[in-house]
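Each remark here refers to the structure printed beneath this line.
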Amino acid sequence: MIAPRFDGARPFGAGGAAPVRVGELWGLVDTTGEWIVEPSFRLLESFDGNGLAYAVGGGAGDSFAGFVDCRGELVLRRDGEMDEELWCGLLKVGDGFARGFVDPAGLPVIEPRYAWVERFSPVGRPSPAWTTVHRGGGCCVRTARSRRPRTGSR
């Protein structure tokens, strides 16, 4: 049992670390309550099934947002658009014009080429206004189709 000394806490992740808040900053503790990373993050979410937690940290001139592992090391740095959560093992990223997906290591899985994409989710009924891209494991993503003007009659 860890004695109450934190102002906030999130669940332990699979790597044995839990985000905890002291004052306005977040850090990481192990299962004995010892610091892995002393409070230095402005935001530190719960760890996901990939062992990553969304974090915002740093100070003026060196601030960052991205994902950290159970040691508090930055694994994926936000560069442009980035979701704060992985879905079906993939993270939506973009540059403001094109969107795609990377894996938990930051390697491209679907190159950014779509005007808009939704998160991967369990396979459901696709809308005709969207293209559905399937991925192994029963997950799919919807991407915006380009609209072409109709010519003639059907």
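Everything quoted here is computed from the prediction, not taken from an experiment.
Residue V68 is grouped with residue I36 when hydrophobic side chains (ILVMFWY) are merged at heavy-atom distances under 4.5 angstrom, including chains of intermediate members. Using a 4.5 Å cut-off between side-chain heavy atoms of Ile, Leu, Val, Met, Phe, Trp and Tyr, with links allowed through other members, L43 and L74 fall into different hydrophobic clusters. Residues V75 and L91 share a hydrophobic cluster, clusters being chains of Ile/Leu/Val/Met/Phe/Trp/Tyr side chains in contact below 4.5 Å. In this structure, F47 is not a member of the same hydrophobic cluster as F67, with clusters built from ILVMFWY side-chain heavy atoms closer than 4.5 Å. Residues F12 and L44 do not share a hydrophobic cluster, clusters being chains of Ile/Leu/Val/Met/Phe/Trp/Tyr side chains in contact below 4.5 Å.
Smallest separation of non-hydrogen atoms from W26 and R10: CZ2-NH2, 3.5 Å. Between P11 and P19, the shortest heavy-atom distance links the atoms O-CD, 3.7 Å. A105 and L76 get closest at one heavy-atom pair: C-CD2, 3.8 Å. Residue L28 comes nearest to C70 through the heavy atom pair CD1-O, 3.8 Å, listed as atom of the first residue, atom of the second, then distance.
Checking side-chain atoms of R21 against main-chain N and O of D7 turns up a donor-acceptor pair under 3.5 Å. A donor-acceptor pair under 3.5 Å links the side-chain atoms of R99 to the main chain of A115, judged by distance alone.
With a 4.5 Å cut-off on side-chain heavy atoms, W35 and D30 do not count as touching. You'll find the side chain of E24 stays beyond 4.5 Å of the side chain of P39, heavy atoms only.
Remark: E73 CD is packed, more than 12 non-hydrogen atoms of other residues, nucleotides or ligands lying under 6.0 Å away. Within a 6.0 Å radius of CZ in F64, more than 12 heavy atoms belonging to other residues, nucleotides or ligands are found.
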Under 3.5 Å, side-chain donor or acceptor atoms of residues 48-58 against the rest of the protein: list the pairs with distances, not counting sequence neighbours.
unit_1, atom_1, unit_2, atom_2, d
D48, OD1, N50, N, 2.8
D48, OD1, G51, N, 3.1
D48, OD1, L52, N, 3.0
Y54, OH, R78, NH1, 3.1

